[in-house]
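Below: the structure, in structure tokens.
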Amino acid sequence: MATDALPTPADEDVPSQRYSGLLAGEIEARWQARWAAEGTFVVPRTVDVGPGGKFFLMDMFPYPSGSGLHVGHPLGYIATDVYGRFLRMCGVRVLHTLGYDAFGLPAEQYAIQTGTHPRATTEANIERYRAQISRLGLAHDPTRSVATTDEAFYRWTQWIFLQIYNSWYDEAAGRARPIAELAAAYEAGELATPDGRSWVELSADEQAAALDARRLAYRAEVPVNWCPGLGTVLANEEVTVDGRSERGNFPVFRRELTQWMMRITAYADRLLDDLDDLDWPASVKAMQRNWIGRSEGALIRFPAGEVEIEVFTTRPDTLFGVTYMVIAPEHELVDRIVPGSWPAGGDPRWCAGAATPREAVAAYRADVAAMSERDRQAEARPKTGVWTGAYATNPATGEPVPVFIADYVLAGYGTGSIMAVPAHDQRDFELARALDLPIRPVVAAGDGRDRLDASAWPDAYVGDGELVNSAGASVSLDGLRVAEAKRVVTEWMASAGVGRATVTYKLRDWLFSRQRYWGEPFPIVYDEGGRAHALPASMLPVTLPDLDDYRPRSADPDDGASEPEPPLTRASDWVEVTLDLGDGPRRYRRETNTMPQWAGSCWYELRYLDPCDEQRFVDPELERFWMGPQRPGDPGGVDLYVGGVEHAVLHLLYSRFWHKVLFDLGEVSSREPFRRLFNQGYIQAYAYTDRRGVHVPAEEVVERDGAWWYGDEPVRRSYGKMGKSLKNSVSPDEMCDRYGADTLRLYEMSMGPLDVSRPWDTRAVVGSLRFLQRVWRNLLDETTGEATVVDAPADAGTERLLHSTITAVRGELEHLRFNTAIAKLIELNNHLTTIGGPVPLCVAEPLVLMLAPFAPHAAEELWSRLGHTATLAHEPFPVADPAKLVAESATYPVQVDGKLRATVTVPVDAGEEAVRAAALAAVTGWVEGRDVVKVVVVPGRIVSVVLGKG
RNA sequence: GCCCAGGUGGCGGAAUCGGCAGACGCGGAGGUCUCAAACACCUCUGACCGCAAGGUCGUGCGGGUUCGAGUCCCGCCCUGGGCACCA
């Protein structure tokens, strides 16, 4: 096709001042330059504020990826901008800016792919993002933007790490305290040292070890998620349910490795309880509760020869129903209880045909190890297990119970061991059936099954009921209900010294080190004895050294036995340092792990308050002003935080944890970082594949006869994410070029409620352009660009509509319902089009002001052409006059037997009788010959006439 | 399996202290302007019946409450998301 044959619009046919994409582009560039030059959106670093109050408004900051933005990315940014502009016009001091989350794996991987240094690609990506975002006309304070990769920023990330490192959790006080106070407490004898000796008896190394063991940031050899494909270990939160990395989808292996951990579990209860005080979506709260996974139960010790097996159970009431025990296969206790040969009394089916218990255990462990994480978690997999040859003693009955290993018991939860009650636990029931273990009911089922004989039961009985078969020498539960039995047995266990009530969590401590290059270095060095030392704050920042080769040592993604090797170990000049940490210059080795991507985002909201502060990470006065609690019970925090739901348990849990540590240490006055959270939906798109399964450009696909065609070829349609590889990506730049940023903003806001995902439809964008065009045409001459408004009063109908629109738009904006607010503005403007003639100034001005949050450039331009010289950014948002809302007549729909039959119009002050009479008169044809049983008049609403039967 | 959302025209969506279902926009049909068009303008546009006036049906399905139900209650179905051998 010859493109030069395309018709070009003749210039003289289109009025020169018609609001087109081209004109919009010119207006937008001009106003953006003016806002920048005048510092319109710069917020002073002072804490005085007018009567409108303050509002700290935030978006989840972007990760500047190499592929740039598509139209879905700025959805939330536009929404917060509209809301912020509205609040500003309501006299509120609004803090709104945007930074960049620029450390992390993807930036590093992108750098490796393109062969350039991560700093270079990161900076280029940030510039690209800035350019794309600035075209949208967002009213950010440009002086408060940060990037987590800035030395001036990560200096404070390291500083906060030091605060956490130099703290311990005082369980008695329920808060973190400086580690020096722990040393003081040990020294004063207020706290017992780990081995009971007095503090002064301990060597310096022993004292240091005792403190290190309690720090909130600590090193420990723990089972970690080793991902050879990424060359690093990962946090639990970064591993998917089928045991692969969230990034890159590589296999993840469990390995014991020494790593940096954050003691987030100390905060489990507070992280859980404080959710109640947050204005967050219920789904996010539910996900966090689920992830923390608090469960109340009891720890019970079962003697087994030389050792004791401690189990965690939520059903201590079923203690008399224990018929066997299970330990996780990898549990260290297993090797200590396995006897040399099979004792008498066991069932051959428990032994898997092995000659000795040791062989049985080894074979079972080998089977488990050979299984992939996916297989292990597969649904409906039959329960397996093998006897260890050992017996333990039920502390309530004195009975011996066989001890098994089975992979349905997880080493990482509770104590890694369970008491099996097959009658009342489905998993135990399944293994009991598989190995023909006894099943002893101790809770009388109320559902018709046999209460004492489980041989015909189809499944475990997990409901409530009366305890039976539960009387021992020192305690009896018979006759009690489950809840009561739990209480009684727990009291008995405590007095008998065999167990106690406890709480466990699914939440694990946060694995905080990564074997990657592109992250914050730890402010930690090791002495020649291998002991860790924190650097003093005066030595911060510890800057990331330049490296020629920043790649992780590549390992086979499937080789779980490979070793992580941080790239920073290669920076030998950087690693080996001589420092004076208070006892003269000595040689040290730097920590070569880096922090995970989440570190910077754990506290960036605080840095927005003053990114230039070189004395502190945040000024306490600014923090109190912008984030402090507003009333008793208020946790404080950012007033509105908008972002996607994908960070429900990662970023949002980690940042709450860091914030609480800072709160405990007195560094911030708010105990939560984000008071209100709003999850925006996603913009999705259709993608099309041809018969080979290859994606074709979505823009060029047409619909014909209910099918989709790419040229002459039929294509298949799918729906989902927008992405370059799917060939369905639309960039904000091309939308700005074709329609202007204001049209794009308006379109994205009118697509639907902010929290709902919706499909992108480029064809529909023109509707928003038409709206702006019509507003433009109603107020200006399309040929001359002169305002056509008149300084005359509006007619009563127009005035009433204006004021009802103001009321509605304010209400919708307050609740972030931008789509319906826009619909109201369109209705008002359509009314002005319909009545024709010049628009009165007293209608034009409020219309422009109400439009301003959505389409700020067009509104500014109209405002100036209406004769104003200053920006409208701080003009008061229109306020409705209640007196102008009153109509003189009211229209009632009239129903007869529930069906709409007529409408009547009566004076607005008509009494109920008059309305009733008018309504009946309007439906005589329907009522004729029938009895009117009842007439319901709902004032201002409706009239309902009820006829008799027949 | 458990938890949380949500099912309304051809499409995105309005309307929930129960009160005219389908605001607003896209798409579609017809028309205006134009040599022709367009990101212009006007009219119509839930389905069915009817020349029309008008009527009947209609908010996932089945019941119920009510003068009146998209909205409340009971029982299902489906879709999306989260969690999932957590003792």
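So you know, we letter chains A, B, ... as the sequences are listed, proteins then strands, and number each from 1.
Checked by distance alone, A:S283 brings no side-chain donor or acceptor within 3.5 Å of a matching partner on the base of B:C4. Remark: the A:K824 side chain and the B:C24 base include no donor-acceptor N/O pair separated by less than 3.5 Å.
When each of B:G25, B:C67, B:G82 is scored by its nearest atom to the side-chain atoms of A:K934, the top-ranked nucleotide is B:C67. Between B:C26, B:G19, B:C85, one nucleotide has an atom nearer to the side chain of A:R941 than all others, and that is B:G19. The side chain of A:V766 lies closest to B:G27, out of B:A23, B:G27, B:A87. The side chain of A:A764 approaches B:C26 more closely than any other nucleotide in the set B:A15, B:C26, B:A87. Here B:C85 is the nucleotide among B:C67, B:C20, B:C85 with the atom lying nearest to any side-chain atom of A:Y408. Taking the side chain of A:R763 as heavy atoms from C-beta on, and the options B:G27, B:G82, B:C67, the nearest nucleotide is B:G27. With distances taken from any side-chain atom of A:E827 to the nucleotides B:G55, B:A23, B:C26, the minimum falls on B:A23. Checking B:C67, B:G25, B:C85 against every side-chain atom of A:R774, the shortest atom distance belongs to B:G25. When the nucleotides B:A14, B:A87, B:C85 are ranked by their closest atom to the side chain of A:D407, B:C85 comes out on top.
Using a 4.0 Å heavy-atom distance criterion, A:T415 is classed as making no nucleic acid contact. A:W776 comes within contact range of no nucleotide atom at all, as no heavy-atom separation falls under 4.0 Å. Looking at heavy-atom distances under 4.0 Å, A:V645 makes no contact with the nucleic acid at all. Residue A:T504 is out of contact with every strand shown, counting any heavy-atom pair closer than 4.0 Å. Across all strands shown, A:P753 has heavy atoms under 4.0 Å from sugar-phosphate atoms exclusively, and none from any base.
The distance from the CE atom of A:M751 to the CG atom of A:L75 is 7.5 Å, given to the nearest 0.5 Å.
The residue among A:K506 and A:P759 whose nearest nucleotide of RNA chain B is located toward the 5' end is A:P759. Each of A:A282 and A:Y686 was matched to the nucleotide of RNA chain B holding its nearest heavy atom; the match closer to the 5' end belongs to A:A282.
Using cut-offs of 30° and 60° on the angle between ring planes, the pair A:F312 and A:Y413 is perpendicular. The aromatic rings of A:H424 and A:Y461 sit perpendicular to each other, their planes meeting at more than 60°, with 30° as the lower class boundary. Aromatic ring pairs are classed by plane angle as parallel below 30°, tilted from 30° to 60° and perpendicular above 60°; the pair A:F404 and A:Y324 is perpendicular.
As the counterpart of B:U56, B:A47 is assigned, both hydrogen-bonding distances of the Watson-Crick or G-U wobble pattern falling under 3.5 Å. Base pairing of B:U79: its partner is B:A5, meeting the Watson-Crick or G-U wobble criterion (both donor-acceptor distances under 3.5 Å). If you check B:G25 for Watson-Crick or wobble pairing at under 3.5 angstrom, you find it paired to B:C11. With a cut-off of 3.5 Å on both pairing distances, B:A36 has no Watson-Crick or G-U wobble partner at all. Nucleotide B:C20 forms a pair with no other nucleotide shown, judged by Watson-Crick or G-U wobble geometry with both contacts under 3.5 Å. Pair check for B:A84 finds none; no Watson-Crick or G-U wobble contact set falls under 3.5 Å. Across all strands shown, B:G70 has no partner, as no Watson-Crick or G-U wobble contact with both distances under 3.5 Å is found.
Under 4.0 angstrom from either OP1 or OP2 of B:A87 there lies no side-chain N or O belonging to A:K383. Residue A:N819 has a polar side-chain atom (N or O) positioned under 4.0 Å from OP1 or OP2 of B:A14. Within the structure, a side-chain polar atom (N or O) of A:R770 is placed less than 4.0 Å from OP1 or OP2 of B:A40. In this model, the phosphate group of B:G25 is approached by a side-chain N or O of A:N830 to a distance below 4.0 Å at OP1 or OP2. OP1 or OP2 of B:G68 has not a single side-chain nitrogen or oxygen of A:R901 nearer than 4.0 Å.
Between A:Y719 atom OH and B:C11 atom P there is a gap of 13 Å when expressed in whole angstrom units. Taking atom CD1 on A:I942 and atom P on B:G19, their separation rounds to 9 Å, with Å as the unit. Going from atom CZ of A:F818 over to atom P of B:G25 covers 20 Å, rounded to whole Å. The distance between atom CD of A:Q288 and atom P of B:C83, rounded to the nearest whole Å, is 12 Å. One interatomic measurement links the two molecules: NE2 of A:H424 to P of B:C85, which rounds to 23 Å at whole-angstrom precision. Atom CD1 in A:I826 sits roughly 12 Å away from atom C1' in B:A14 (whole-Å rounding). One interatomic measurement links the two molecules: CG of A:L744 to C1' of B:C39, which rounds to 15 Å at whole-angstrom precision. Taking atom CG on A:L299 and atom C1' on B:A87, their separation rounds to 12 Å, with Å as the unit.
Base orientation of B:G9: syn, the glycosidic angle falling within 90° of 0.
Nearest heavy atoms, A:I27 versus A:H857: CG2-O, 3.6 Å.
With both ends at atom P, the span from B:C61 to B:U8 equals 10 Å, rounded to whole Å. Rounded to whole Å, the separation between the C1' atoms of B:A5 and B:A52 comes to 47 Å. For the P atoms, the distance linking B:C41 with B:G25 amounts to 11 Å, nearest Å. Across the P atoms, B:G13 and B:C20 are found 23 Å apart, a figure rounded to whole Å. To the nearest whole angstrom, the two C1' atoms, one in B:C35 and one in B:G30, are 22 Å apart. If you take atom C1' in B:G6 and the same atom in B:U56, they sit 31 Å apart, rounded to whole Å. A distance of about 10 Å separates the C1' atoms of B:G70 and B:G18, rounded to the whole Å. The separation of B:A37 from B:U16, taken at their C1' atoms, amounts to 46 Å, rounded to a whole angstrom.
The local environment of NZ in A:K285 is crowded, with over 12 non-hydrogen atoms from other residues, nucleotides or ligands closer than 6.0 Å.
Comment: A:D459 does not engage A:R433 in a salt bridge, judged by the lack of any side-chain N to carboxylate O separation of less than 4.0 angstrom. Under a 4.0 Å N-O distance rule, the pair A:E646/A:K721 does not qualify as a salt bridge.
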TODO: Give the intermediate values and the outcome of salt bridge (Lys or Arg N to Asp or Glu O under 4.0 Å) for residues A:D761 and A:R763.
DONE: CA-CA 5 Å; A:D761 182 7; A:R763 286 182 313 175; 3.6 Å; yes
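Residues A:Y688 and A:N728 have side chains that never bring a donor and an acceptor to within less than 3.5 angstrom of each other.
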